[in-house]
Amino acid sequence: MSYTKKQKSTALKVALFATGLSGIVAEYILSTLASYFIGNAILQFTLIVSIMLFAMGLGSRLSRLFTGNVVLSFIVTELVLSVFISFSAIICYLVYGFTDFSWLIIYMFSILIGLLIGLEIPLATRINDDYEELRLNISNILEKDYFGSLIGGLFFAFVGLPYLGLTYTPFILGFLNLSVSFWLFIVLKDTFSAKTKKMLSITYVVVSTCIALGVYFASPIVQYGEQVKYKDKIVFSQQTKYQKIVITKWKDWHSLYINGNQQLSSFDEFMYHEPMAHVTMGLAPKKSNILILGGGDGCLAREILKYKSVNTITLVDLDPIMLELGKDNQTFKTLNNDALNSPKVTTVADDAFSFLEKNDILYDVIFVDLPDPNNVDLNKLYTKEFYYLCKNKLSDNGLMITQSGSPYYATKAFYCIEKTMRAAQLNTIPLHNQILTLGEWGWIIGSKNKITTKQVHDVDVSSIPSLKWLNNSSIGLLTSFGKPLADTTDIKINTIFNPKLYTYYKEGNWNLY
């Protein structure tokens with residue numbers, strides 16, 4: 001069967017559309033992996049995209065060296081690109097499990113995929129020169145590539161990451177690229193010799209088989225790569241739209257990890273949640289309407305429900321999957337005493353900053369139980385602007401408390417949070433406690449009215465039921481600090497437009513952790 005010039009040109013443009021789609025998603029996959037393995041999402045997305053664009057430029061330059069059968073060069077490039085995209089994630093996971101140099105593999109894939117995409121566009125333009133005049137040729141080729149990028153971005157954001165995850169999304173793209181290039185091979189096969197046709201046919205079978213096997217073994221490979229990195233057995237792992245959630249088990253204890261960072265262990269989580277909850281509630285004159293920002297595991301809500309005066313608890317967590325775990329996962333239901341299914345608790349899947357901005361309700365106590373500010377996204381929830389919002393949502397005599405990382409592992413970050421809260425016109429009292437699985441950890445209480453350490457020491461928890469660690473004598477220890485382990489005199493206030501906190505956090509002594 002012979003094909004018209006229009007049909008050949010259309011097949012070529014569809015291949016470029018698929019390349020644009022696959023290429024942009026590959027950028028997002030590698031950026032997400034880099035964020036998960038290395039941290040600092042903004043930096044990693046910036047580096048990966050910049051590296052890939054640079055590599056595309058190099059690929060375009062190298063394309064001038066291809067002077068033989070340009071169609072064959074394009075087809076082979078498509079085949080190699082399909083393989084690289086398909087296996088990029090699982091290779092990164094495997095390397096991540098055995099070495100600290102996973103970042104090098106991620107950046108290498110960024111360069112290689114960028115080079116191949118950069119090769120394809122000028123090659124396709126040269127092929128299409130036989131089918132369209134120059135005026136239409138260049139605009140149509142670039143148009144299809146850019147349109148594919150848009151569809152790829154939408155696919156990754158709304159389908160790939162939330163439903164297929166980083167395990168299977170690359171293989172979907174690999175198959176897409178492979179299928180489209182095979183169609184192009186069929187349409188343009190009259191440009192190949194019989195020997196070349198046979199070799200390409202065999203190559204397509206081999207590549208298709210490899211990708212199919214990759215899909216079959218992807219999940220156990222990723223699980224193996226992850227398991228090597230965790231000291232305990234993984235019993236739950238899911239890449240959500242927002243983060244990677246992993247639950248591990250050792251003996252009778254479970255640990256929760258988000259993006260590789262431990263959030264809690266059932267072994268000693270009460271040494272974190274009891275001081276945070278009961279000191280603040282003990283200081284609050286009113287404790288009827290409570291807001292929790294974060295805390296999707298439900299443990300903080302469990303402690304707050306011990307107060308009969310509490311009428312409503314609104315718990316806001318960005319990730320609906322985390323809320324589902326807190327409500328429905330048997331491990332967490334047991335851990336939090338089924339707190340998130342209490343009629344007093346309302347859960348909301350929303351960004352904490354956005355929730356406060358659009359909400360006019362006043363709260364007696366606000367608990368900020370969010371992950372550490374290790375990137376610019378989370379940094380926003382530790383800014384002067386955010387603390388102003390919290391202050392304005394407090395009722396008369398209301399209090400808030402935020403988890404503040406470690407005063408020892410990240411001293412400057414800890415005191416930056418306190419200074420930022422004071423800049424938002426909150427009176428502050430820092431607290432800390434030794435959490436066995438986390439090390440020395442801290443919180444900072446913020447109040448609309450003046451508070452003193454004596455008021456903290458006077459908090460009486462003797463009547464609170466089912467406390468595992470906290471008692472009246474231990475409360476006095478929570479406010480006792482030695483000298484800061486770093487010079488805190490020139491610490492800056494953290495704001496949205498001048499984010500300092502995550503830099504302080506990154507500069508902490510986390511190698512001691």
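Quick note: residue numbers are just sequence positions, from 1.
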All N/O donor-acceptor pairs, side-chain side in residues 150-164, below 3.5 Å, sequence neighbours left out:
none

- Item | Worked verdict on Thr402 versus Ile417 for side-chain contact (heavy atoms from CB on, under 4.5 Å) | CA-CA 9 Å; Thr402 179; Ile417 294 173; 4.1 Å; yes

- Message: Please identify which of these residues, Asn341, Thr334, Asn336, meets the side-chain hydrogen bond (donor to acceptor under 3.5 Å, both in side chains) condition with Asp338.
- Response: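 With Asp338 as partner, side-chain hydrogen bond (donor to acceptor under 3.5 Å, both in side chains) holds for just one option, Asn341.
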
- Query: When Glu269 is tested against each of Gln263, His254, Arg302 for side-chain hydrogen bond (donor to acceptor under 3.5 Å, both in side chains), which residue passes?
  - Reply: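 Per the side-chain hydrogen bond (donor to acceptor under 3.5 Å, both in side chains) rule, the option paired with Glu269 is Arg302, out of Gln263, His254, Arg302.
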
Using a 3.5 Å distance criterion without hydrogens, assess whether the side chain of [X] forms a donor-acceptor pair with backbone atoms of [Y].
| X | Y | value |
| --- | --- | --- |
| Ser63 | Ser60 | yes |
| Asp369 | Ile292 | no |
| Lys384 | Ile493 | no |
| Ser404 | Phe414 | no |
| Thr383 | Asn379 | no |
| Arg64 | Arg61 | yes |
| Asn140 | Lys13 | no |
| Thr169 | Leu166 | no |

At their closest point, which heavy atom of [X] faces which heavy atom of [Y], and how far apart are they?
| X | Y | value |
| --- | --- | --- |
| Cys92 | Phe109 | SG-CD1, 4.1 Å |
| Ala26 | Leu173 | N-CD1, 4.5 Å |
| Met52 | Ile117 | CE-CD1, 4.5 Å |
| Thr411 | Pro484 | CG2-CB, 3.9 Å |
| Leu176 | Ser22 | CD2-OG, 4.5 Å |
| Ala18 | Val180 | CB-CG2, 3.9 Å |

Are [X] and [Y] linked by a side-chain donor-acceptor pair shorter than 3.5 Å?
| X | Y | result |
| --- | --- | --- |
| Thr495 | Lys500 | no |
| Tyr257 | Asp232 | no |
| Tyr93 | Thr167 | no |
| Tyr107 | Gln44 | yes |
| Asp319 | Gln243 | yes |
| Gln403 | Tyr382 | yes |

- Task: Name all pairs fulfilling the side-chain hydrogen bond (donor to acceptor under 3.5 Å, both in side chains) condition that reach into residues 108-125, sequence neighbours left out, sorted by first residue then second.
- Result: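 As it turns out, the side-chain hydrogen bond (donor to acceptor under 3.5 Å, both in side chains) pairs with a partner in residues 108-125, which skip direct neighbours, are Thr19-Glu120.
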
With a 4.5 Å cut-off on side-chain heavy atoms, are [Y] and [X] touching?
| X | Y | result |
| --- | --- | --- |
| Pro499 | Asn494 | yes |
| Leu315 | Leu323 | yes |
| Tyr387 | Thr420 | yes |
| Phe386 | Val368 | yes |
| Tyr272 | Leu300 | no |
| Lys251 | Phe267 | no |
| Leu356 | Leu291 | yes |
| Pro122 | Phe66 | no |

Is it the case that more than 12 heavy atoms not belonging to [X] sit under 6.0 Å from its [atom1] atom?
| X | atom1 | result |
| --- | --- | --- |
| Asp252 | CG | no |
| Lys492 | NZ | no |
| Phe54 | CZ | no |
| Phe192 | CZ | yes |
| Lys197 | NZ | yes |

- Test log, rule side-chain contact (heavy atoms from CB on, under 4.5 Å), inputs Gln262 and Thr437: CA-CA 9 Å; Gln262 185 176 351; Thr437 57; 3.6 Å; yes

Nearest 0.5 Å, please: how far is [atom2] in [Y] from [atom1] in [X]?
| X | Y | atom1 | atom2 | result |
| --- | --- | --- | --- | --- |
| Thr10 | Leu184 | OG1 | CG | 11.0 Å |
| Thr347 | Glu324 | OG1 | CD | 9.5 Å |
| Asp351 | Leu293 | CG | CG | 9.5 Å |
| Phe74 | Asn128 | CZ | CG | 10.0 Å |
| Leu325 | Leu335 | CG | CG | 12.0 Å |
| Phe353 | Leu318 | CZ | CG | 14.0 Å |

- Message: If you apply the rule side chain to side chain donor-acceptor pair (under 3.5 Å), what do you find for Ser82 with Glu78, and how did you get there?
- Response: CA-CA 6 Å; Ser82 299; Glu78 283 278 304; 5.4 Å; no

- side chain to side chain donor-acceptor pair (under 3.5 Å) partners for Tyr242, two or more places apart: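 Side chain to side chain donor-acceptor pair (under 3.5 Å) check on Tyr242 returns nothing, list empty.
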
- For the pair Leu178 and Leu79, evaluate side-chain contact (heavy atoms from CB on, under 4.5 Å) and give the outcome as yes or no after the intermediate values. CA-CA 6 Å; Leu178 187 68; Leu79 282 165; 3.5 Å; yes

- Task: May I ask you to decide if the ring planes of Phe171 and Phe87 are parallel, tilted or perpendicular, using 30° and 60° as cut-offs?
- Result: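 Aromatic pair Phe171/Phe87 classed perpendicular.
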
- Task: Decide yes or no on side-chain contact (heavy atoms from CB on, under 4.5 Å) for Ile113 and Leu30, but give the supporting numbers first.
- Result: CA-CA 10 Å; Ile113 293 173; Leu30 292 170; 4.2 Å; yes

